[in-house]
Amino acid sequence: MPVKSRKKPVARVDIARRFCNLPRTVPTPLAPGMSPERASMILKNNRKWVNGTNLHYYFFDKESDASEVEYTDGSKATKTWKGGKNQQDVVRKAFESWKKVGIGLNFTEAKAREDAEVRIGFMEDDGSWSFIGRDILKQPANTRTMNFGWNLDTPDTHNGIDTAIHEIGHTLGFPHEHQNPFAGIRWDEEAVYEALGKPPNNWARTQTFDNIIKKLSAAEVSG
């Protein structure tokens, strides 16, 4: 993760629906000539956690934990990664919700970023996102592996606790279901580009393609 934000957002607009914006990652390199069966098993499992893993999560808490964003009008601002206690409590509750599902993983809050696999920021105007599964282990210790770009402490569950549960799901290894190549979804693509190009998402076509329209490789999907 660079210090500067990965995209150029516009000023935040408080309307109903905001969407997850997954960061781009480098595809897993596979040896030339590898059998399709072996390649398929590697791709299906390389982001998954071993049963019984205890994942440690940390909330950024220093004044220096911040990034500069550049808006579409050319203005710039420095935004903190720190979040208030109410925001943090929503995320803690979301981790508890996942733990109660009984998927074989445990979650413990860490006091130091060096002890955490999951490092969480609350940077406004950077969207809500998480790296998927074990991809978080590839990120440097002073960078975020998850971010919440709007206030989670809200009665609107879509933009509150549901967002926290959704992003943690990515950390656990789940991609977007609507990108399942076997789902049978046929998008009106231009309508999707138009809708997500408007506030509050203001996505470029490449962001919309990566997060909504692009299908996962069939070799990555089990189910």
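All heavy atoms count here, side chains included; hydrogens, waters and symmetry mates do not.
A donor-acceptor contact shorter than 3.5 Å is absent between the side chain of Arg119 and the backbone of Met146. A distance-only check finds a donor-acceptor pair linking the side chain of Gln207 to the backbone of Ala204 [under 3.5 Å]. Distance alone, capped at 3.5 Å, places no donor-acceptor pair between the Glu124 side chain and the Gly149 backbone. Although no hydrogens or angles enter the test, the distance criterion places no donor-acceptor pair under 3.5 Å between the side chain of Glu117 and the main chain of Leu55. Side-chain N or O atoms of Asn147 include one that pairs as donor or acceptor with a backbone N or O of Gly127 at under 3.5 Å. Between the side chain of Gln88 and the main chain of Gly83, a donor-acceptor pair closer than 3.5 Å is present.
Atom CG of Leu152 sits about 9.5 Å away from atom CD of Glu167, to the nearest 0.5 Å. In this structure, CD1 in Ile185 is found 11.0 Å from CD1 in Ile213, a value given to the nearest 0.5 Å. With rounding to the nearest 0.5 Å, the separation of NZ in Lys138 from CZ in Phe131 is 10.0 Å. Distance check: Thr171 OG1 to Ile132 CD1 gives 9.0 Å after rounding to the nearest 0.5 Å.
Stacking of Arg113 on the aromatic ring of Tyr58 is not recorded, the 6.0 Å distance cut-off and the 45° axial limit not both being met.
In this structure the side chain of Met123 reaches within 4.5 angstrom of the side chain of Val69, judged on heavy atoms. The side-chain heavy atoms of Asp65 and Thr80, taken from C-beta on, include no pair separated by under 4.5 Å. At least one side-chain heavy atom of Arg144 sits less than 4.5 Å from a side-chain heavy atom of Ser67. Trp49 is listed as a side-chain neighbour of Arg134, based on a closest heavy-atom distance under 4.5 Å. When side chains are defined from C-beta on, Trp81 does not count as touching Phe59, because their heavy atoms never get closer than 4.5 Å. Side-chain contact between Glu189 and Phe209: absent, with no pair of heavy atoms (C-beta onward) separated by less than 4.5 Å. Counting heavy atoms from C-beta outward, Ile120 and Val91 have side chains that approach closer than 4.5 Å. Proximity of Phe95 to Ile168: side-chain heavy atoms (C-beta onward) are separated by under 4.5 Å at one or more points.
Residue pairs meeting the side chain to side chain donor-acceptor pair (under 3.5 Å) criterion with at least one member in residues 98-109, sequence neighbours excluded, are Asn54-Thr108, Arg92-Glu109.
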Residue pair Lys79, Asp125: steps toward the salt bridge (charged side-chain N to carboxylate O under 4.0 Å, His left out) verdict
CA-CA 8 Å; Lys79 297 286 186 175; Asp125 297 340; 3.7 Å; yes

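For Tyr57 and Phe107, the gap between ring centers reaches or exceeds 6.0 Å.
By the 4.0 Å N-to-carboxylate-O rule, Lys93 lies too far from Asp89 to be salt-bridged with it.
There is no side-chain donor-acceptor pair under 3.5 Å between Ser128 and Thr163.
In the hydrophobic cluster analysis, where Ile, Leu, Val, Met, Phe, Trp and Tyr join through side-chain heavy atoms closer than 4.5 angstrom, Ile136 is grouped apart from Val50.
Lys82 and Lys62 get closest at one heavy-atom pair: CD-O, 3.4 Å.
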